[in-house]
Amino acid sequence: MSGWLTARVVQNRHWTESLFSLRAEGVQLGFQAGQFVRIALDVGGERVARAFSFVNPPDDPLLEFYGVIVPQGPLSPRLARLNAGDALYVARNPAGFLVLSEVPDAETLWLIATGTGLAPFLSIVRTEAPWRRFRNVVVVHAVRWAKELAYRDTIAATPAKYVSFVSREAAPGSLAGRIPAAIADGRLEAAAGVPLVPETSHVMLCGNPDMLKDVQAQLAARGMKKHRRRARGHITVESFW
Ligand SMILES: Cc1cc2nc3c(=O)[nH]c(=O)nc-3n(C[C@H](O)[C@H](O)[C@H](O)COP(=O)(O)OP(=O)(O)OC[C@H]3O[C@@H](n4cnc5c(N)ncnc54)[C@H](O)[C@@H]3O)c2cc1C
Ligand SMILES: NC(=O)c1ccc[n+]([C@@H]2O[C@H](COP(=O)([O-])OP(=O)(O)OC[C@H]3O[C@@H](n4cnc5c(N)ncnc54)[C@H](OP(=O)(O)O)[C@@H]3O)[C@@H](O)[C@H]2O)c1
């Protein structure tokens, strides 16, 4: 049995010149919201595969992936050029621990992302579990430019609180600068309207590895530490590179 399934692209939406969302049909996979799967194309006779988080919730038969073009990257520029009807190879084995089944109960769930790191949280907020388990769910999305604040309608259709950051231009309605600084000076909590403290919070982080490091340093200063199955903590992390 081949390790790869073949999906067909049904839509490739371009949000900006570098951000795209691929939807594909024809592959059914069991996965948990927050997980990723390897997707691939054949390039010069070789199959080039990369991990992508599911944007769709598990019960949606259309697969959806949210990507950014890394100009020199082997795969992402090619994914961005796919059209409806093109083949997309999908591995059979979704994986990953950025899932609510690995998260202990808390009053407030913080879902903090940079760039396309928003993808797994879009899947999570479109399942039932967060609304059953947490009094507050806060989605925090940081991007360079305001036009990169993708999927706002999707998030607005859920009960989640939404806080956005735009780091490279002034953008009404979004916080300026980076997430770690806004944790340090209290602007993030003020914008969300809920405290970010170990007694009541669990934080899931996804995206740029430098952001993950800098946010974890801020959270450590508040007495929060990584969650492990055998040692309860407050932080669950997935790095995109
Ligand atoms: C668990 C996991 C889940 C992932 N999910 C997604 C996803 O849902 N969407 C997505 O776009 N990417 C995701 N990625 C990254 C993805 O696997 C690829 O690395 C990315 O698409 C670029 O592929 P590439 O072959 O063009 O370049 P690569 O050779 O893979 O990457 C080259 C460089 O580009 C930068 N880079 C890679 N990915 C990103 C990114 N997403 N945002 C900003 N800079 C980046 C890094 O500096 C990296 O070293 C995920 C990675 C992991 C490990
Ligand atoms: N976004 C674009 O305009 C664009 C265009 C074409 C290609 N790309 C490709 O995509 C890659 C970057 O993609 P991206 O813009 O989605 O992701 P990114 O570089 O990770 O930036 C996303 C957000 O994360 C912030 N950030 C970066 N480091 C951080 C840290 N240590 N702590 C907290 N926040 C931090 C950025 O702030 P800062 O702005 O302060 O860094 C920005 O607000 C580039 O390497 C490039 O290859 C991007």
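Numbering of ligands and ligand atoms starts at 1, following listing order.
In this structure the side chain of Trp110 never reaches within 4.5 angstrom of the side chain of Val139, judged on heavy atoms.
For Arg222 (side chain) and Leu196 (main-chain N/O), a donor-acceptor pair under 3.5 Å exists by modelled atom type. Of the possible donor and acceptor atoms, none in the side chain of His227 sits under 3.5 Å from a partner among the backbone N and O of Val103.
For ligand 1, the protein residues within 4.0 angstrom (heavy atoms only) are Phe36, Arg50, Ala51, Phe52, Ser53, Tyr66, Gly67, Val68, Val70, Gly73, Pro74, Leu75, Ser76, Pro77, Thr116, Ala119, Glu238, Ser239, Phe240, Trp241.
When the side chains of ILVMFWY residues are joined at heavy-atom separations under 4.5 Å, either directly or via intervening members, Ile179 and Leu205 end up in a single hydrophobic cluster.
From Arg228, atom CZ reaches atom CZ of Phe97 across 12.5 Å, with rounding to the nearest 0.5 Å.
When the shell of 6.0 Å around CZ of Arg47 is examined, it contains more than 12 heavy atoms from other residues, nucleotides or ligands.
Between Gln32 and Ser101, the side chains place a donor N or O and an acceptor N or O closer than 3.5 Å (distance only, hydrogens not considered).
Remark: Arg133 fails to qualify as a cation-pi partner of Trp131 under the 6.0 Å distance and 45° angle criteria applied to the six-membered ring.
Under the 4.0 Å criterion applied to side-chain N and carboxylate O atoms, Glu107 and Arg135 are assigned as salt-bridge partners.
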Enumerate the pairs of nitrogen or oxygen atoms, one from ligand 2 and one from the protein, separated by less than 3.5 angstrom; state names and distance to 0.1 Å.
residue: ligand 2; atom: 1 (N); partner: Glu148; partner atom: OE2; Å: 2.8
residue: ligand 2; atom: 3 (O); partner: Trp145; partner atom: NE1; Å: 3.4
residue: ligand 2; atom: 3 (O); partner: Glu148; partner atom: OE2; Å: 3.3
residue: ligand 2; atom: 15 (O); partner: Arg144; partner atom: NE; Å: 2.9
residue: ligand 2; atom: 19 (O); partner: Arg144; partner atom: NE; Å: 3.4
residue: ligand 2; atom: 19 (O); partner: Arg144; partner atom: NH2; Å: 3.0
residue: ligand 2; atom: 20 (O); partner: Asn208; partner atom: ND2; Å: 2.8
residue: ligand 2; atom: 28 (N); partner: Arg178; partner atom: NH2; Å: 3.4
residue: ligand 2; atom: 31 (N); partner: Asp210; partner atom: O; Å: 3.3
residue: ligand 2; atom: 31 (N); partner: Met211; partner atom: N; Å: 3.4
residue: ligand 2; atom: 31 (N); partner: Asp214; partner atom: OD2; Å: 2.8
residue: ligand 2; atom: 37 (O); partner: Ser167; partner atom: OG; Å: 3.3
residue: ligand 2; atom: 37 (O); partner: Arg178; partner atom: NE; Å: 3.4
residue: ligand 2; atom: 39 (O); partner: Ser167; partner atom: OG; Å: 2.6
residue: ligand 2; atom: 39 (O); partner: Arg168; partner atom: NE; Å: 2.6
residue: ligand 2; atom: 39 (O); partner: Arg168; partner atom: NH2; Å: 3.3
residue: ligand 2; atom: 40 (O); partner: Arg178; partner atom: NE; Å: 2.8
residue: ligand 2; atom: 40 (O); partner: Arg178; partner atom: NH2; Å: 3.3
residue: ligand 2; atom: 41 (O); partner: Arg168; partner atom: NH2; Å: 3.0
residue: ligand 2; atom: 41 (O); partner: Arg178; partner atom: NH2; Å: 2.8
residue: ligand 2; atom: 43 (O); partner: Val143; partner atom: O; Å: 3.1
residue: ligand 2; atom: 43 (O); partner: Ser167; partner atom: OG; Å: 2.8

